[in-house]
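Computed from a predicted model, the values in this text were never measured in an experiment. By convention in this document, chain letters (A, B, ...) are assigned in the order of the sequence lines, proteins followed by strands, and residues within each chain are numbered from 1.
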Amino acid sequence: MCLAIPGRIEAILTEGELARTASVSFAGVRKTVNLTFVPQAQPGDYVIVHVGVAISQVDPQQAQQIFEDLKAIGDL
Amino acid sequence: MKYLTEYRDRHATERLAEKIRTVVTQPWVLMEVCGGQTHSIVKNALEQLLPASVQLVHGPGCPVCVTAAEILDQAIALAQRPDVILCSFGDMLRVPGSQQSLQAVKATGADVRMLYSPMDALAIARANPQRKVVFLAVGFETTGPATALALAQARQWRLNNFFVLLSHFLVPPAISTIVEGLNNRVQGFLAPGHVCAVTGIEPYQQLVARYRVPMVITGFEPVDILQGILCCVAQLERGEARVENPYRRVANDQGNARAQSLVNDVFEVSDQHWRGIGSIANSGLRLSPSYQMFNAVALLDTALPAASPSECISGDILQGIKKPKQCPHFGHRCRPEHPLGAPMVSSEGACAAYFNYQ
Ligand code: SF4
């Protein structure tokens, strides 16, 4: 139920209070997603989508952090 | 797939597992709170990568599992009315209520529909103005914003044939119940990353301040889970207890302020009954006064069947006291085709995870 997966915003479909929606691609599968909670997200950005609603925008810098940490582990 | 595949990398998981082995000097018991994490752990056989001294127990974070049988009975009673279209997420249809499941009443002709999103329920309501559309809304803090959004839209559009049967749960009070439990063995928690993406880490800082147990905000892919375990055991080995957030790419420390504000508008915190566990103070949501017109409970007029005692020990499973295979019914009388309890049904239930992947 808390399954939420990252998808890439392809195009904004509608604007409006509670009604900002986009076409989001999940490895090629497109779905309409509500973007009310990520108002700053734009085409090209990745959002985390749960039951048709984006709850978060992926932070690309933070996404790299684990691999930096792993490199540090490798040096031990 | 970007932001998924790289967190499943075998080489990275093995390096993390190796690091965990070098850090651990004594036995530790950790709980992953969310059922999505449980499934990833069992499916990817992550326990086999860990030293024997690190034990994972599975937590209560499966909304389908903890939704009370009475709520299902209410949904079933509503579904049996000819003027009602009852909709919910797929897993809810198969969960046994006191006597039967929604799927069973669907087979006898009730209009029960499976949805992907609460927004779909609104579309059904708009397309069927002469019917009453009841959405059985289950979920944790991750799902609260989506349910709130559907309700706010229904109000904006003045829909008068859309109703919600609400079964929403809050995680931190359940963690308190587990830590305070007499049989508790859990020494550190992998906190649910998508719940925190909404709420932020502040509620978990309060739990750390109260109980001095490490809380590590953890994602769902193998690399995320092993990193969560590594942070957690490293804290325990050093005698520390704090909130650590290695899942910042998705869950920033503040959470999602817009989602929080809509949830606070639409709902109020209330006591909640957890199936198998019992009532937990302030662990649920109810509709706020300005949204009461959407409350499906008001549609109920029939008397509901009396609850029959259940043979399912889901309460012990969901609090990490027992593992699924310790249930005498596991794999015998209780199987996914004829579940005795909800954890054997849900795609996040611990019993289903063990049955399907082990
Ligand atoms: S195996 Fe079945 S009866 Fe036993 S705890 Fe799991 S769901 Fe309940």
Side-chain angles (χ1 to χ4, degrees), chain A residues 1-10 13-14 16-22 24-41 44-76, chain B residues 1-4 6-7 11-12 15-16 18-19 22 34-37 39 61-64 89 91 115-120 138-143 145-147 149 152-153 156 192-195 197-198 220 223-224 227 230 246-252 255-259 262 346-348:
Chain A
M1 267 291 314
C2 291
L3 178 71
I5 52 171
R8 184 177 179 278
I9 300 178
E10 306 266 280
L13 299 177
T14 56
E17 204 205 334
L18 308 178
R20 183 165 190 252
T21 64
V24 173
S25 163
F26 302 92
V29 179
R30 283 193 182 76
K31 284 201 160 181
T32 300
V33 169
N34 188 296
L35 299 185
T36 298
F37 302 125
V38 288
Q40 69 293 347
D45 290 340
Y46 279 78
V47 286
I48 298 292
V49 178
H50 172 68
V51 299
V53 177
I55 54 167
S56 163
Q57 185 176 335
V58 179
D59 180 331
Q61 264 144 33
Q62 291 291 350
Q64 267 311 307
Q65 190 58 43
I66 170 76
F67 301 105
E68 305 293 321
D69 294 351
L70 276 172
K71 273 192 210 133
I73 291 175
D75 292 342
L76 282 177
Chain B
M1 201 174 146
K2 200 174 173 193
Y3 298 127
L4 275 184
E6 61 264 46
Y7 300 96
H11 185 61
R15 288 229 322 260
L16 283 163
E18 204 180 294
K19 175 75 176 164
T22 64
C34 174
Q37 294 167 332
H39 261 248
C62 163
V64 173
F89 301 123
D91 284 346
L115 319 164
Y116 158 69
S117 167
M119 305 308 138
D120 300 341
V138 303
F140 284 97
E141 290 93 327
T142 315
T143 319
T147 307
L149 191 57
Q153 285 190 350
Q156 199 178 48
H194 292 150
V195 164
V198 171
F220 296 81
V223 165
D224 292 315
Q227 195 191 22
L230 174 59
Y247 196 46
R248 277 211 180 82
R249 71 174 186 278
V250 167
N252 71 46
N256 188 318
R258 278 177 181 252
L262 190 66
S346 170
S347 57
E348 285 173 319

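To the nearest 0.5 Å, atom CZ of residue B:Arg249 and atom CD of residue A:Gln65 are 11.5 Å apart. One finds the CG atom of A:Leu18 at 6.5 Å from the CG atom of B:Leu262 (value rounded to the nearest 0.5 Å).
Of the possible donor and acceptor atoms, one in the side chain of A:Ser56 sits under 3.5 Å from a partner among the backbone N and O of B:Val250.
Within the 4.5 Å cutoff, side-chain heavy atoms of A:Pro39 are placed close to those of B:Arg258. Using a 4.5 Å heavy-atom threshold, the side chains of A:Gln57 and B:Asn256 count as separate.
At a 4.5 Å heavy-atom cutoff, the contact between A:Ile48 and chain B is made by side-chain atoms alone. Contact annotation for B:Leu115: neither backbone nor side-chain heavy atoms come within less than 4.5 Å of a heavy atom of chain A. When heavy atoms are compared at a cutoff of 4.5 Å, A:Gln61 does not approach chain B at all. The parts of B:Pro145 that come within reach of chain A are both its backbone and its side chain, each placing non-hydrogen atoms under 4.5 angstrom from that chain. Neither the backbone nor the side chain of A:Val33 comes within contact range of chain B; no heavy atom of the residue lies under 4.5 Å from a heavy atom of that chain. Heavy atoms closer than 4.5 Å to chain B are found in the side chain of A:Phe67, but not in its backbone. In this structure, chain A has a heavy atom under 4.5 Å from the side chain of B:Gln227, while its backbone stays farther away.
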Set out, in order, the CA-CA distance, both residues' side-chain angles and the distance that settles side-chain contact (heavy atoms from CB on, under 4.5 Å) for A:Asp59 and B:Arg248, then state yes or no. CA-CA 8 Å; A:Asp59 180 331; B:Arg248 277 211 180 82; over 6 Å; no

Show the numbers, then the answer: is there a side-chain contact (heavy atoms from CB on, under 4.5 Å) between B:Phe220 and A:Ile5? CA-CA 10 Å; B:Phe220 296 81; A:Ile5 52 171; over 6 Å; no

side-chain contact (heavy atoms from CB on, under 4.5 Å) between B:Tyr116 and A:Val51, worked out: CA-CA 6 Å; B:Tyr116 158 69; A:Val51 299; 5.6 Å; no

Worked verdict on B:Val198 versus A:His50 for side-chain contact (heavy atoms from CB on, under 4.5 Å): CA-CA 11 Å; B:Val198 171; A:His50 172 68; over 6 Å; no

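Within 6.0 Å of CD in A:Gln40 there are more than 12 heavy atoms belonging to other residues, nucleotides or ligands.
With chain A as the partner, the residue from B:Glu6, B:Met119, B:His39 showing the most heavy-atom pairs under 4.5 Å is B:Glu6. In terms of non-hydrogen atom pairs under 4.5 Å with chain B, the most contact-rich of A:Val58, A:Val47, A:Val53 is A:Val58.
Note: A:Tyr46 and B:Tyr3 have perpendicular aromatic rings, judged against thresholds of 30 and 60 degrees for the angle between ring planes.
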